[in-house]
Amino acid sequence: MRTLIMGGTRFVGRHISEAALAAGHELTLLHRGQSGADLFPAASHLLLDRDGDLGRLRGTTWDLVIDVCAYRPRQVDALAAVLGDGVGRYVFISSTSVYQAPAAPGFDESSPVLALPPGPIPDTVTDRTYGPLKVLCEQAAIRHFGPDTLVVRPTYV
């Protein structure tokens, strides 16, 4: 399976990369090379900043894209713009921080999520904007990659 992981050398992405290689995926990691650049020699490494020019991805096709490092919806928008229809399945790693507090016992995907106040979308990720920005990233992912998009909301990792 041709797999692209956005990030993949730190935190939860590192473990997903390890599992993908163990499962025999043809793995490409897109990262800045600032941490873990020496990890996963069996994978291809595209050293790019996702906030920069992603043009090197234009025209590529992937069975699976796993996005572990989008914190702003514009990042999902930019990735979708260069990948177009070249994605079989898109997985977005979000967070339980999207839920309104307090989340009652037994909360699930249909529980209320956070929203930003009306106005421009902030570009700064803070304790107050992290959850609502992740919600907007989820929405962008589904809008661009379709209803089969898998959104994963892990708890504290």
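None of these values were measured; they are calculated from a predicted model.
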Ignoring hydrogens, what is the shortest heavy-atom contact between [X] and [Y]? Give both atom names and the distance.
{"X": "V87", "Y": "F145", "answer": "CG2-CE2, 3.8 Å"}
{"X": "L114", "Y": "S97", "answer": "CD1-O, 3.3 Å"}
{"X": "V98", "Y": "K134", "answer": "CG1-CB, 3.7 Å"}
{"X": "Y99", "Y": "R153", "answer": "OH-NH1, 2.8 Å"}
{"X": "R72", "Y": "C137", "answer": "C-SG, 3.3 Å"}
{"X": "S94", "Y": "P154", "answer": "O-CD, 3.5 Å"}

Does [Y] offer a backbone N or O that forms a donor-acceptor pair with the side chain of [X] under 3.5 Å?
{"X": "D63", "Y": "R2", "result": "yes"}
{"X": "H45", "Y": "G33", "result": "no"}
{"X": "T129", "Y": "T124", "result": "yes"}

4.5 Å side-chain heavy-atom contact, [X] and [Y]:
{"X": "Y71", "Y": "L133", "result": "no"}
{"X": "C69", "Y": "D67", "result": "yes"}
{"X": "L57", "Y": "L4", "result": "yes"}
{"X": "V76", "Y": "L136", "result": "no"}
{"X": "R74", "Y": "D123", "result": "yes"}
{"X": "V68", "Y": "M6", "result": "no"}
{"X": "T28", "Y": "T60", "result": "no"}

Co-membership, hydrophobic cluster, residues [X] and [Y], 4.5 Å side-chain:
{"X": "V65", "Y": "L46", "value": "yes"}
{"X": "I66", "Y": "L29", "value": "yes"}
{"X": "I121", "Y": "V113", "value": "no"}
{"X": "L47", "Y": "L79", "value": "no"}
{"X": "V125", "Y": "F11", "value": "no"}

To the nearest 0.5 Å, tell me how far [X] [atom1] sits from [Y] [atom2].
{"X": "L39", "Y": "T9", "atom1": "CG", "atom2": "OG1", "result": "6.5 Å"}
{"X": "D51", "Y": "R32", "atom1": "CG", "atom2": "CZ", "result": "8.0 Å"}
{"X": "E18", "Y": "L21", "atom1": "CD", "atom2": "CG", "result": "8.5 Å"}
{"X": "H31", "Y": "R14", "atom1": "NE2", "atom2": "CZ", "result": "12.0 Å"}

ask   = Mind checking what makes side-chain contact (heavy atoms from CB on, under 4.5 Å) contact with R89, not counting sequence neighbours?
value = L64, V91, D148
ask   = Does a sphere of radius 6.0 Å around CG in D85 hold more than 12 heavy atoms from other residues, nucleotides or ligands, not counting ones at 6.0 Å or beyond?
value = no
ask   = Hey, is CZ on R128 packed in by over 12 heavy atoms from elsewhere, all under 6.0 Å?
value = no
